[in-house]
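Only one structure is covered here, and it is reproduced in the block below.
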Amino acid sequence: MAGFDVDLFVIGAGSGGVRAARIAAGYGARVMVAEEFRVGGTCVIRGCVPKKLYVYASRFAEDFEDAAGYGWTLPSKPVFDWRKLVDAKEKEITRLSAIYNTNLEKAGVQIVLSRAEVENEHTVRLLADGRRITAKYILVATGGSPALEPPIPGMEHAISSNEIFDLKEFPKRLLVIGGGYIAVEFASVFVRLGSAVTQVFRADNVLRGFDGDMRVGLSDAMKHAGVDLRPGLLPSKIEKTAAGLRVSLSDGAMSEVDQVLAATGRHAHTKGLGLEKAGVELKANGAVKVNWASRSNIESIYAVGDVTDRINLTPVAIREGHAFADNVFGGKDIHVDHKDVASAVFTTPEIGTVGISEEEARTNCDVVDIYKSSFRPMKATLSGRNERTIMKIVVNAKTDRVLGVHILGHEAGEMAQLLGIAVKMGAKKADFDGTMALHPSASEELVTMRTRTARYER
Ligand code: NDP
């Protein structure tokens, strides 16, 4: 591929970009990757990884309480130190970022710490030093950035998930705006770390699009944990005061807090990237429009991950990046399958899910069988904790195929990953029934739900 400075220029060293760069280099391509913030991207630096570390931190609160039922007496009341957690998290993500760097270097990828913008279909400009690099292919892997919504006076005082990890002071009073993944996860973390958390959102319940029983079960658990959930409510104004922030709410109420977290979705990160100038077609929401092969309408420009707004999850970006490199540099013909992607919401308790919800099945299938179980997890017997685990299997009654499995409970994410294999293989309810239970476990419930809870016909 002579005539170009490099064979592949990747913009963004996050999950998708790093994977694509390494695999392409493995095929002998000359690859350069530009990153304007920190190598590792949202997932490693200010997303999934630090979030999960904070989730672990938050769960000790209940572990300390639950221990009493199992015979433990703590010598004194446990004390949480926010700064220690932030520092420990920082050390870990710095270690991970360095590993990403090393892996790229080992693969022979050139890393440039600079913002890069597209000039035309084969040229990228590095803002740090003004250099222009020509590339046979350009891969846009710039991810997304938080949207601060709604556009009310004083929104500039709110923070996003980018800032919450590194707050200098622990927010004793936190107002969360939004009812999606990020909102429920942080509300769940901060209430356990000791914040008074209020969560406001415009819908009638959290997690729009999730299975209805999971939404109800989670909001009950969140209220029980102390989150002040306020559906159908949004802030109308945020003012800075000597004591913190005063938030006016749409019902006329007032809330005094230390921080306001806007968790109201993320936008594809394409602003100012020069894509329109290069002729790249974008969707109405700014995401790059791509075909099955992650190629844009411009032959030499591809995009993977959140910037394409397909399924905005790290493993999906990695798979897309890998397939791109395999196809373009390895001569393969790999189609990424976006169906039945398992996912989890790392609240406490977690939600783990794969396949479609009951609501979606009832809209799309002629006859749907529902198998549902709600029980007190075994650990709660001696701890006395008032909690429920909910499991649901959604079945196409005509074919017996399992269309979706939804779990609210401990380790639901871990279960969903494994259930993903069965659902992807086309498992039938009879396969679940024919599987021997593992006792005592929560997941055994999934293979012992013999009696249908409901049947719905269209
Ligand atoms: P989500 O799309 O999940 O949720 C956005 C929330 O903000 C919804 O409650 C939505 O309300 C509300 N909202 C959107 N626009 C407005 C507005 N203008 N005014 C008021 N409310 C508004 O986004 P998140 O920010 O929580 O997360 C972004 C993405 O990150 C997720 O979609 C997911 O792909 C990924 N993610 C995945 C995680 C995981 O896998 N565990 C964890 C964290 C993030 P409504 O429902 O009414 O539209």
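If you're wondering where the values come from, they're calculated on a predicted model, not measured in any experiment.
Under the side-chain contact (heavy atoms from CB on, under 4.5 Å) rule, Val307 has a single partner from Leu275, Val288, Val290, which is Val288. The only member of Tyr302, Trp292, Tyr27 that meets ring-ring contact (aromatic ring centres under 6.0 Å, His included) when paired with Phe324 is Tyr302. For the ring-ring contact (aromatic ring centres under 6.0 Å, His included) with Phe186, the lone residue among Tyr54, Tyr181, Phe165 that qualifies is Phe165.
Salt-bridge formation is detected for the pair Arg83/Asp87: a Lys NZ or Arg NE/NH1/NH2 atom is positioned less than 4.0 Å from an Asp or Glu carboxylate oxygen. Residues Arg132 and Asp5 are not paired through a salt bridge, judged by the lack of any N-O separation under 4.0 Å between the basic side chain and the carboxylate. Salt-bridge check for Glu320 with Arg310: passed, with a basic side-chain N closer than 4.0 Å to an acidic carboxylate O. Between Asp211 and Lys392 there is a salt bridge, since a side-chain N of the basic residue sits under 4.0 Å from a carboxylate O of the acidic one. The residues Glu92 and Arg95 are annotated as salt-bridged, a charged nitrogen and a carboxylate oxygen being separated by less than 4.0 angstrom. Between Arg173 and Asp258 a salt bridge is recorded (basic side-chain N to carboxylate O distance below 4.0 Å). Using a 4.0 Å cut-off between a side-chain N of Lys or Arg and a carboxylate O of Asp or Glu, Arg131 and Asp129 qualify as a salt bridge.
Two residues are said to be in side-chain contact when any heavy atoms from C-beta on lie closer than 4.5 Å; Leu126 and Ile133 meet this criterion. Proximity of Arg125 to Leu127: side-chain heavy atoms (C-beta onward) are separated by under 4.5 Å at one or more points. Using a 4.5 Å cut-off on side-chain heavy atoms (C-beta onward), Lys429 and Ile393 make contact. Side-chain atoms of Pro150 and Ile177, non-hydrogen and from C-beta on, do get closer than 4.5 Å to each other. Side chains of Val33 and Val18 form no contact here, defined as non-hydrogen atoms less than 4.5 Å apart.
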Arg59/Glu350 under salt bridge (Lys or Arg N to Asp or Glu O under 4.0 Å): CA gap, chis, key distance, verdict: CA-CA 11 Å; Arg59 288 181 181 168; Glu350 295 174 6; 3.2 Å; yes
Audit row: Arg230, Asp228, salt bridge (Lys or Arg N to Asp or Glu O under 4.0 Å) steps and yes/no: CA-CA 6 Å; Arg230 310 261 192 100; Asp228 182 6; 3.0 Å; yes
Derivation of the salt bridge (Lys or Arg N to Asp or Glu O under 4.0 Å) call for Arg30 and Asp7: CA-CA 5 Å; Arg30 297 166 303 148; Asp7 301 316; 3.1 Å; yes
Steps toward side chain to side chain contact (heavy atoms under 4.5 Å, CB included) verdict (Phe9, Phe4): CA-CA 10 Å; Phe9 194 102; Phe4 296 104; over 6 Å; no
Criterion salt bridge (Lys or Arg N to Asp or Glu O under 4.0 Å) on Asp366 and Arg458, from CA distance to verdict: CA-CA 5 Å; Asp366 292 338; Arg458 256 206 306 205; 2.8 Å; yes
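Residues Ser145 and His267 bring no donor and acceptor atom of their side chains to less than 3.5 Å of each other. Defined by atom type and a distance below 3.5 Å, a donor-acceptor pair is present between the side-chain atoms of Thr94 and Glu90. Side chains of Asp309 and Asn285: a donor on one and an acceptor on the other come within 3.5 Å.
Side-chain N or O atoms of Asn297 include one that pairs as donor or acceptor with a backbone N or O of Gly279 at under 3.5 Å. At least one donor-acceptor pair closer than 3.5 Å links the side chain of Ser219 to the backbone N or O of Arg215. The main-chain N or O of Gly286 is found under 3.5 Å from a side-chain atom of Thr270 such that the two form a donor-acceptor pair. In this structure a side-chain-to-backbone donor-acceptor pair under 3.5 Å is missing from Ser188 to Thr347. Side chain of Ser195 to backbone of Leu174: no donor-acceptor contact under 3.5 angstrom is found. Proximity of a side-chain donor or acceptor of Thr142 to a complementary backbone N or O of His269 within less than 3.5 Å is detected. Judged purely by atom type and a 3.5 angstrom limit, Asn291 uses its side chain to pair as donor or acceptor with the backbone of Arg295. Judged by distance alone, with hydrogens and angles left aside, the side-chain atoms of Asp431 form a donor-acceptor pair with the main-chain N or O of Lys428 at under 3.5 Å. Remark: side-chain polar atoms of His406 are paired, donor with acceptor, to backbone N or O of Ile356 under 3.5 angstrom. Put simply, the side chain of Asp326 never gets that close to the backbone of Lys332: no donor and acceptor are under 3.5 Å apart.
Atom OG1 of Thr42 and atom NZ of Lys51 lie 12.0 Å apart (nearest 0.5 Å). Taking CG of Leu233 as the reference point, atom OG of Ser250 lies at 4.0 Å (rounded to 0.5 Å). In this structure, OG in Ser443 is found 6.5 Å from CG in Leu446, a value given to the nearest 0.5 Å.
Counting heavy atoms of neighbouring residues, nucleotides and ligands inside a 6.0 Å radius, atom NZ of Lys289 does not exceed 12 of them. By the neighbour-count criterion of 12 heavy atoms within 6.0 Å, atom NZ of Lys283 is densely surrounded, having more than that number from other residues, nucleotides or ligands. The neighbour count for Lys424 NZ, taken as heavy atoms of other residues, nucleotides or ligands under 6.0 Å away, is above 12. Atom CD of Glu169 is surrounded by 12 or fewer heavy atoms from other residues, nucleotides or ligands within 6.0 Å. With a 6.0 Å radius and a threshold of 12 heavy atoms from other residues, nucleotides or ligands, Gln417 has its CD atom at or below the threshold. Atom CZ of Arg192 has more than 12 heavy atoms from other residues, nucleotides or ligands within 6.0 Å.
A cation-pi geometry, defined here as NZ or CZ lying under 6.0 Å from the six-membered ring centre and within 45° of its normal, holds between Arg362 and Tyr456. The cationic group of Arg46 lies under 6.0 Å from the six-membered ring centre of Phe37 and within 45° of the ring axis, placing it in a cation-pi geometry.
Between Phe329 and Tyr137, a ring centre-to-centre spacing shorter than 6.0 Å is recorded.
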